[in-house]
Amino acid sequence: MKKIHVIAPSGANPEPQSPFAAIEWFKRQGFEVQNTDCVERRYQRFSGKDAERLSELNQIGKLSGEHLVLAMRGGYGLHRLLPDIEWQQIANAIQNGLQVCGHSDFTVFQLGLLAKTGAVSLAGPMLNYDFGPKESQAEIIPDPLMWKHFQAAIQDRQLDCKVEAQQSYLGKSTAGELTGTLWGGNLTILCSLVGTPYFPAQKQIQGGILFLEDVNEHPYRIERNLMQLLDAGILGSQSAVLLGGFSAYRLFDHDQGYDLHMVFEHLRKRLPEGIPLLTDLPFGHQANKVTLPVGASGKLSYNSSGFVLQSKW
């Protein structure tokens with residue numbers, strides 16, 4: 001796969017250096033990069049007017065299977081477009097080989113696509129920051145783990161992720177092997193879709209392997225969202241819950257020892273004992289992230305020392 005088609009369906013680009021550096025980096029790797037003008041669009045806080053961003057998104061349904069569609073960045077904006085996205089046309093293109101990748105606000109599209117069509121998309125790196133530096137950085141050196149797993153996803157349609165980290169929230173299920181539908185993404189975004197037509201049906205995610213991450217959210221907000229998913233019957237219907245990066249937040253003096261560990265401890269007490277709660281999945285708003293197939297079948301093996309997550313789609 002040597003053609004990358006960039007889309008900007010959410011927030012406007014805040015750092016001009018990042019996307020252009022990323023585009024040049026991809027070209028040096030031998031990729032043809034298309035639709036690059038979108039990185040300069042801006043309307044208010046969005047990367048273009050709603051009609052522009054919707055048209056660009058729907059156009060990917062006309063691309064060939066030799067293309068990888070890569071979101072520029074997250075932010076906010078995809079919620080506005082959901083009712084008018086041509087879901088089935090995009091799913092047909094995916095069936096014919098097209099791949100679509102992003103994370104953060106792109107979770108909206110990925111879960112909507114899964115809910116409406118069952119098609120598989122990739123939760124993984126984006127143009128900005130993953131392949132292009134922030135202005136404070138002199139040059140881009142893509143994270144080796146990220147690049148390795150990204151290549152495995154777009155070239156071989158394969159995931160093989162091994163995590164070696166002590167697991168403290170397993171409950172009674174201290175070791176095991178299981179299979180289920182891989183799904184998830186940004187926790188805040190996922191919660192915002194519950195009860196809408198863009199959230200996967202129970203039959204699609206029953207017994208699934210749910211992965212979650214978030215950024216700029218205090219632990220109490222993370223807990224509140226997790227409690228919503230728990231009380232809505234979503235967490236309790238999963239085979240496993242995988243926690244990725246929860247980054248860029250700060251604690252306050254009045255937290256008095258309440259932190260992310262306390263959140264996960266409380267969730268462990270409320271979650272059914274047979275559902276493993278696993279941490280340290282390399283995924284989220286961080287350099288070292290794997291690329292996960294949203295909607296594909298996955299296999300998980302775990303014990304107190306870590307876990308292995310695999311998929312082929």
Would you say the side chain of [Y] lies within less than 4.5 Å of the side chain of [X], judging by non-hydrogen atoms?
X	Y	answer
Asn128	Asn13	yes
Lys116	Pro197	yes
Val108	Tyr198	no
Leu271	Leu235	yes
Ile209	Leu178	yes
Gln167	Asn303	no
Pro219	Val263	yes
Leu281	Leu243	no

Distance-minimising heavy-atom pair for [X] and [Y]:
X	Y	result
Leu57	Ile90	O-CD1, 3.8 Å
Ala123	Val294	CB-CG2, 3.8 Å
Ile94	Ala119	CD1-CB, 4.3 Å
Ala93	Ile60	CB-O, 4.1 Å
Gly77	Asp105	N-OD2, 3.3 Å
Pro14	Tyr129	CG-OH, 3.3 Å

Item to check | Between Asn288 and Asp143, a side-chain donor and acceptor under 3.5 Å | outcome: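 The answer is no; no qualifying pair exists.
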When rounded to the nearest 0.5 angstrom, what is the spacing between [atom1] in [X] and [atom2] in [Y]?
X	Y	atom1	atom2	value
Phe264	Ile222	CZ	CD1	6.5 Å
Ser311	Leu292	OG	CG	9.0 Å
Thr291	Leu159	OG1	CG	8.5 Å
Thr117	Gln89	OG1	CD	12.5 Å
Leu82	Leu193	CG	CG	7.0 Å
Leu210	Gln238	CG	CD	5.0 Å

Next on the checklist: If we check side chain to side chain donor-acceptor pair (under 3.5 Å) with Asp130, which of these qualifies: Gln286, His285, Lys289, Arg73?
Outcome noted: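 Per the side chain to side chain donor-acceptor pair (under 3.5 Å) rule, the option paired with Asp130 is Lys289, out of Gln286, His285, Lys289, Arg73.
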Between [X] and [Y], is there a shared hydrophobic cluster once you connect ILVMFWY residues whose side-chain heavy atoms come closer than 4.5 Å?
X	Y	result
Phe246	Val163	yes
Ile189	Val241	yes
Val6	Phe46	no
Met126	Leu145	no
Leu190	Ile275	yes

Parallel, tilted or perpendicular, judged at 30° and 60°: which one describes the rings of [X] and [Y]?
X	Y	result
His218	Phe252	parallel
Trp25	Trp147	perpendicular
His261	Tyr169	tilted

With a 3.5 Å distance limit and no angle check, can you tell me whether [X] reaches the backbone of [Y] through a side-chain donor-acceptor pair?
X	Y	answer
Thr181	Gly295	no
Glu273	Lys172	yes
Ser237	Ile234	yes
Gln110	Gly102	yes
Arg157	Lys312	no
Asp280	Ala165	no
Gln204	Ala201	yes
Glu56	Ala8	yes
Ser55	Glu52	no
His67	His5	no

Under 6.0 Å from the [atom1] atom of [X], do we count more than 12 heavy atoms belonging to anything else shown?
X	atom1	result
Lys49	NZ	no
Glu32	CD	yes
Gln166	CD	yes

Item to check | Salt bridge present between Arg268 and Glu265 (N-O < 4.0 angstrom) | outcome: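 Salt bridge between Arg268 and Glu265, a charged N being under 4.0 Å from a carboxylate O: no.
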Next on the checklist: One thing to verify: whether Glu223 and Arg221 come together as a salt bridge, which I'm taking to mean a side-chain N less than 4.0 angstrom from a carboxylate O.
Outcome noted: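 The answer is no: the pair does not qualify as a salt bridge.
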Next on the checklist: Ile23 vs Leu127, test: side chain to side chain contact (heavy atoms under 4.5 Å, CB included). Steps then yes/no.
Outcome noted: CA-CA 8 Å; Ile23 290 165; Leu127 190 73; 4.2 Å; yes
Item to check | Candidate pair Phe106 and Phe109, rule ring pair (Phe, Tyr, Trp, His ring centres under 6.0 Å), full reasoning | outcome: CA-CA 5 Å; Phe106 206 64; Phe109 173 82; 5.0 Å; yes
Checklist entry - Yes or no on ring pair (Phe, Tyr, Trp, His ring centres under 6.0 Å) for Phe307 and Tyr302, after CA distance, side-chain angles and deciding distance? => result CA-CA 4 Å; Phe307 59 91; Tyr302 64 94; 8.6 Å; no
Item to check | Working for salt bridge (Lys or Arg N to Asp or Glu O under 4.0 Å), residues Glu164 and Lys162 | outcome: CA-CA 7 Å; Glu164 295 179 342; Lys162 183 176 183 180; 3.5 Å; yes
Item to check | Stepwise side chain to side chain contact (heavy atoms under 4.5 Å, CB included) test for Leu68 and Cys101 | outcome: CA-CA 7 Å; Leu68 166 73; Cys101 187; 4.2 Å; yes
Next on the checklist: I'd like to know whether Ser104 forms a side-chain hydrogen bond (donor to acceptor under 3.5 Å, both in side chains) with Asn186, so could you lay out the CA-CA distance, the side-chain angles of the two residues, the decisive distance to 0.1 Å, and finally the verdict.
Outcome noted: CA-CA 6 Å; Ser104 192; Asn186 181 268; 5.1 Å; no
Next on the checklist: Before you tell me yes or no, could you show the steps for Arg270 and Asp231 under salt bridge (Lys or Arg N to Asp or Glu O under 4.0 Å), namely the whole-Å CA-CA distance, both residues' side-chain angles and the distance that decides it to 0.1 Å?
Outcome noted: CA-CA 10 Å; Arg270 293 277 310 273; Asp231 293 336; 2.7 Å; yes
Checklist entry - Taking the six-membered ring where the residue is Trp, are the ring centres of Tyr258 and Tyr220 under 6.0 Å apart? => result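 When the ring centroids of Tyr258 and Tyr220 are compared, they turn out to be at least 6.0 Å apart.
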Item to check | Asp50 and Leu81: CA distance, side-chain angles, deciding distance, side chain to side chain contact (heavy atoms under 4.5 Å, CB included) verdict | outcome: CA-CA 7 Å; Asp50 291 355; Leu81 312 180; 4.1 Å; yes
